[in-house]
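For the numbers below, each heavy atom of this structure counts, side chains included, while hydrogens, waters and symmetry mates do not. Please read these numbers as outputs of a predicted model, since none were measured by experiment.
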Amino acid sequence: MTQIREPERRSRILRGRPYSLDEFASKYGLKGEQAESLFARFGPSSIELDLLMAAKRRRPVRQGRPVPQDSIPQPSNGMDR
């Protein structure tokens, strides 16, 4: 008889400082449901969430205004030497 295995659950290593849900939502000006969905799928890692938002081209907001683009560190692909 064939035995069916459930997929292994891999725990994620937390990279960077963890965000609270409220902190993440307010940093990027997200609505509750949207922030909860991303937070549940990608976890509280500030590095993971910041990279995700950079890939989505979402800038952090500062008291209702976007943060200037030149103040956001750009990810390096190692080819800029």
S.K.: Kindly give the heavy-atom pair with the smallest separation between F39 and P44, and that separation in Å.
M.R.: CZ-CB, 3.6 Å

S.K.: Taking C-beta and beyond as the side chain, do E23 and R17 meet within less than 4.5 Å on heavy atoms?
M.R.: yes

S.K.: When rounded to the nearest 0.5 angstrom, what distance separates NZ in K27 from CG in D50?
M.R.: 4.0 Å

S.K.: When you measure from the side chain of S46 to the backbone of G16, do you find a donor-acceptor pair of N or O atoms at a distance under 3.5 Å?
M.R.: no

S.K.: Give a yes or no on whether a salt bridge exists between K31 and E36, defined as a side-chain N under 4.0 angstrom from a carboxylate O.
M.R.: no

S.K.: Quick one: are L30 and M53 in side-chain contact, heavy atoms under 4.5 Å?
M.R.: yes

S.K.: Rounded to the nearest 0.5 Å, what separates atom OH in Y19 from atom CD1 in I47?
M.R.: 9.5 Å

S.K.: Do the side chain of S37 and the main chain of E33 share a donor and acceptor less than 3.5 angstrom apart?
M.R.: no

S.K.: Assess whether side chain to side chain contact (heavy atoms under 4.5 Å, CB included) is satisfied between L49 and Y28, documenting all intermediate values.
M.R.: CA-CA 10 Å; L49 292 170; Y28 290 100; 5.7 Å; no

S.K.: Do L38 and K56 come close enough that some side-chain heavy atom pair is under 4.5 Å?
M.R.: yes

